[in-house]
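Predicted model only: the values in this text are computed from it and were never measured. Both backbone and side-chain heavy atoms feed into the values below; hydrogens, waters and symmetry mates do not.
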Amino acid sequence: MKKALCIAFILILGVAVLAFFGGCDKTKYEVDYCGQKDSFTNAEDSYEEGENVELYFPYVATDTNYSFYVEGADCKIDYADDKGYIISFTMPANSVKVWYESVNSMMYIDDSPEMLIDYYEATVATVDGDEYYELVLFANPSRTEIYLDAYRGDGEGETHKRYAVPAEAIDECYEAIEKCNFREWNSNPDYSGITGAYYVLNFKDGYSHTRVTSEHMPDNGKELMWSVGSILNRYVNEDNLIED
């Protein structure tokens with residue numbers, strides 16, 4: 001009887017030990033290197049939760065700027081002469097993405113102003129000739145130089161003034177552009193035009209421009225185009241004048 005109890009105790013103890021050590025195993029989670037794994041050394045496909053991960057990026061060019069990203073974990077970026085950039089983080093209980101971006105620091109980047117939005121309206125065939133009003137918004141990619149050119153013209157000539165515009169006006173205009181769905185106008189067969197007046201809205205749309213006119217627009221098209229023009233028109237005042 002004592003022998004049987006002893007064997008039973010040993011079996012229970014063995015199961016407990018196995019359960020204890022088996023419970024110490026931590027789940028591994030994957031690291032997605034976004035197709036750039038070969039650019040890193042010391043990189044593995046997965047790590048245990050809580051494991052300290054240290055990746056090295058040794059292929060550093062002197063004429064290139066690098067940015068490193070870790071999505072899903074807080075990371076630290078260091079540099080060592082013998083290892084290059086060091087990307088370290090503690091593996092969380094989820095998968096992680098790691099990637100880098102590089103830009104040639106010797107490459108010229110054009111930061112000159114370009115036309116973003118052009119609003120134009122004209123009253124056609126008046127006694128004194130066509131009268132028009134045009135607002136053209138310019139900005140450089142870094143938004144450090146933004147201005148608005150305003151033109152008024154009739155049969156006797158044209159006036160031009162330039163106004164300062166804050167960066168938030170750009171975002172406000174493009175919010176109105178998205179809301180009004182101008183990109184769909186030119187492909188809608190049900191739209192028609194008006195007579196006696198002419199309206200145009202031309203705006204930068206990615207790497208190209210989208211242009212809509214009163215010759216092909218919905219019934220409330222004039223009001224929709226003015227919803228963008230009115231944002232710009234708020235800055236046509238003496239307080240914002242920078243060139244007359």
Any side-chain heavy atom of [X] within less than 4.5 Å of one from [Y]?
X      : Y      : value
Met225 : Phe182 : yes
Ser95  : Val31  : no
Arg183 : Trp185 : no
Leu148 : Val236 : yes
Asn202 : Thr210 : no

Can you label the angle between the Tyr59 ring and the Phe57 ring as parallel, tilted or perpendicular, going by 30° and 60°? perpendicular
With a sphere of 6.0 Å drawn around CG of Asn94, does it hold more than 12 non-hydrogen atoms of other residues, nucleotides or ligands? yes
Flag yes if more than 12 heavy atoms outside Asn220 fall under 6.0 Å of its CG atom; otherwise flag no. yes
At what distance, to the nearest 0.5 angstrom, does [atom1] of [X] lie from [atom2] of [Y]?
X      : Y      : atom1 : atom2 : result
Tyr191 : Met217 : OH    : CE    : 11.0 Å
Asp219 : Ile194 : CG    : CD1   : 10.5 Å
Cys75  : Phe89  : SG    : CZ    : 8.0 Å
Lys97  : Cys34  : NZ    : SG    : 5.5 Å
Thr213 : Arg211 : OG1   : CZ    : 6.0 Å
Glu168 : Ile146 : CD    : CD1   : 8.5 Å

Say whether, by atom type as modelled, one donor and one acceptor occur between the side chain of [X] and the main chain of [Y] under 3.5 angstrom.
X      : Y      : result
Asn237 : Arg234 : yes
Asp154 : Glu131 : no
Tyr198 : Glu215 : no
Tyr147 : Ile242 : no
Asp171 : Tyr174 : no

Can you check side-chain contact (heavy atoms from CB on, under 4.5 Å) on Tyr29 and Glu49, steps first, answer last? CA-CA 7 Å; Tyr29 295 91; Glu49 177 190 351; 4.0 Å; yes
Near-ring test Trp226/Tyr199, centroid separation under 6.0 angstrom: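 Here the rings of Trp226 and Tyr199 have centres that are no less than 6.0 Å from each other.
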Are Tyr79 and Tyr85 an aromatic pair by the rule of ring centers under 6.0 Å? yes
Which atom of [X] lies closest to which atom of [Y], heavy atoms considered:
X      : Y      : result
His209 : Met115 : NE2-O, 3.3 Å
Gln36  : Phe40  : O-CD1, 3.3 Å
Ala169 : Val165 : CB-CG1, 3.4 Å
Leu224 : Pro218 : CD1-CG, 4.3 Å
Ala73  : Thr90  : CB-O, 4.2 Å
Ser39  : Tyr100 : OG-OH, 3.5 Å

Mind checking whether [X] and [Y] sit in one hydrophobic cluster, side chains of I, L, V, M, F, W, Y counted as touching below 4.5 Å?
X      : Y      : result
Tyr66  : Tyr69  : no
Ile117 : Val200 : no
Tyr33  : Phe68  : yes
Val96  : Trp99  : no
Ile231 : Tyr120 : no

Quick test of your reading of the model: are Lys37 and Asp45 salt-bridged, counting only N-O distances below 4.0 Å?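 Salt bridge present between Lys37 and Asp45.
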Between Asp149 and His160, is there a side-chain donor-acceptor contact under 3.5 Å, judged purely by atom types and distance?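 The answer is yes; a qualifying pair exists.
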Connected hydrophobic set around Ile86, excluding itself, where side chains approach under 4.5 Å: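 Reading the cluster by chain and number, Ile86 sits alongside Tyr56.
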Just distance, no hydrogens or angles: give the donor-acceptor pairs under 3.5 Å from side chains in residues 132-141, sequence neighbours left out.
from, atom 1, to, atom 2, distance (Å)
Tyr132, OH, Glu158, OE2, 2.7
Tyr133, OH, Asn233, OD1, 2.5
Asn140, OD1, Arg143, N, 3.1
Asn140, OD1, Thr144, N, 3.0
Asn140, OD1, Glu145, N, 2.9
Asn140, ND2, Asp111, O, 3.2
Asn140, ND2, Asp111, OD2, 3.1
Asn140, ND2, Ser142, OG, 3.2
Asn140, ND2, Thr144, OG1, 2.8

Go through it in stages, so that I can follow the logic: the residues are Lys204 and Glu114, the test is side-chain contact (heavy atoms from CB on, under 4.5 Å), and I'd like the CA-CA distance, side-chain angles, deciding distance and then a yes or no. CA-CA 9 Å; Lys204 186 180 179 184; Glu114 59 180 335; 2.6 Å; yes
Does any pair with a residue in residues 54-72 pass salt bridge (charged side-chain N to carboxylate O under 4.0 Å, His left out), and if so which ones, sequence neighbours excluded? none
